[in-house]
Amino acid sequence: MPSSESGAIARKTTMRDVAREADVSIMTVSNVINDRDGKVSSETRERVMSAIALLGYRVNTSARSLRKGRTGVVCLAVPAVASLYYGELAERLFSAFRARGIHLVVERTVEAVEAELASLNDAHLEGYDGLILTVAKGEAEDLDRVSPSKPVVLIGERAFSRQYDHVLMDNIAGSRLATSHLLATGARRIALIGGRIADHDGMPELRTRGYMAALEEAGVPIDPALVVESGWTHRDGYQATTGLLNTDAAPDAIFALTDAAALGAIRALRDQSVRIPDEVQVIGWDATEIGEYSVPRLTTIDPSNDAMAESIASLLIARMEDPEPDSERRIVMTPSSVLVRESTREIRGDGVV
């Protein structure tokens, strides 16, 4: 039998405990939990949120949802749950919504137009208060034919819908940064893994435009043979790099459009005893955590992942609180930066090292 001390049931943390810890009133805690922004200063909100995290306070979402006619649940629909990027995005969104007392459910659309459109149907949304949809295949005319009764925020590469709020990365600018960084380190034959030269506004096309713009600005000829159309998984990066190394047009740097493909490229280079970054440099995109632990550590484009997750959560919750069906859609584009690690050479004031 356990002792009375070890077997005691811990008392549940209450709103009063949070108020005491944050040195505010219970009403102030309630205003923060219920996102009544106009009633609480940012400093006070931060103090209350810190107290909630410290004490492990859990919002009674069931009771609050019933009062507001809600489920207390939102859905994130992504093409693949095994993806490095989408996995980390889901974790960030779990935290962002949990801090607001909302549960997040993740569904998979397997990059199918039918699944993306089905996620917008009211029958599917009945169990959710809102939807975050990653658009991988759907087109504007498809999406705009559906008018769901619940709030929807799109994420993905194109701000193409006329009716949904959208959070997206600055693909062209980020790609120019990646390519310019490699050029500044002396690279001239930069392969683009996963790119696509086409008149389209998808992720590979936009990032290819940024890559080509940087080459043109530097006066470096664009070699179409270095733009490898492929997928963006580890396997794709490995196979694309192996193919490049087995030609007469081997690159001196590789820009892979995802960290997963970049890690595959690193493996292929190491398998063929190519020194990184001395002989071939590698840069990825996504700033996923695993890149910090690869050998060598992966230089990558950071598309402001934390800011993106916060923007997604804030936009969706704002629509849930005040849908404003006739209001203009909102578009948020997060900035990109280069996170320099070991897979590329560094640039210093006196030149490349």
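There is no side-chain donor-acceptor pair under 3.5 Å between T258 and D286. Under 3.5 Å, the side chains of H166 and S161 contain no donor-acceptor pair of N or O atoms. Defined by atom type and a distance below 3.5 Å, a donor-acceptor pair is missing between the side-chain atoms of N31 and T28. Side-chain contact of T334 with S304: a donor-acceptor pair under 3.5 Å is absent, judged by distance alone. Checked by atom type, the side-chain pair Y164/D144 shows no donor-acceptor distance below 3.5 Å. For the residue pair T185 / Q281, a side-chain donor-acceptor distance below 3.5 Å is found, with atom types taken as modelled. Judged purely by distance below 3.5 Å, without hydrogens or angles, the side chains of S149 and D122 pair a donor atom with an acceptor atom. A donor-acceptor contact closer than 3.5 angstrom is absent between the side chains of Y86 and E91.
Contact check on D142 versus R145 returns a salt bridge, with a Lys/Arg side-chain nitrogen under 4.0 Å from an Asp/Glu carboxylate oxygen. A salt bridge links E205 with R196; the closest basic N to acidic carboxylate O contact falls under 4.0 Å. Between R319 and D165, at least one side-chain nitrogen of the basic residue sits less than 4.0 Å from a carboxylate oxygen of the acidic one, meeting the salt-bridge criterion. Electrostatic pairing of R188 and D252 does not count as a salt bridge here, judged by no charged N lying under 4.0 Å from a carboxylate O.
Residues passing the salt bridge (charged side-chain N to carboxylate O under 4.0 Å, His left out) test with R275 are D278, E279, sequence neighbours excluded.
Contact detail for L206 and I172: the closest heavy-atom pair is O-CG1, 3.4 Å.
Taken together through direct or relayed side-chain contacts under 4.5 Å among Ile, Leu, Val, Met, Phe, Trp and Tyr, L257 and L339 form parts of separate hydrophobic clusters. Follow the hydrophobic side-chain contacts under 4.5 Å out from V340 and you reach W285 in the same cluster.
In this structure, CG on N246 lies 11.0 Å from OG1 on T241, to the nearest 0.5 angstrom. Here the CZ atom belonging to R209 is positioned 12.5 Å from the CD atom belonging to E216, to the nearest 0.5 angstrom. Taking CG of D129 as the start and SG of C75 as the end, the distance is 11.5 Å to the nearest 0.5 Å.
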Would you give me the side-chain donor-acceptor pairs under 3.5 Å for residues 306-318, sequence neighbours excluded?
from : atom 1 : to   : atom 2 : distance (Å)
D306 : OD1    : R92  : NE     : 2.7
E310 : OE2    : R100 : NH2    : 2.4
E310 : OE2    : S314 : OG     : 3.4
S311 : OG     : A307 : O      : 3.0
S314 : OG     : E310 : O      : 2.9

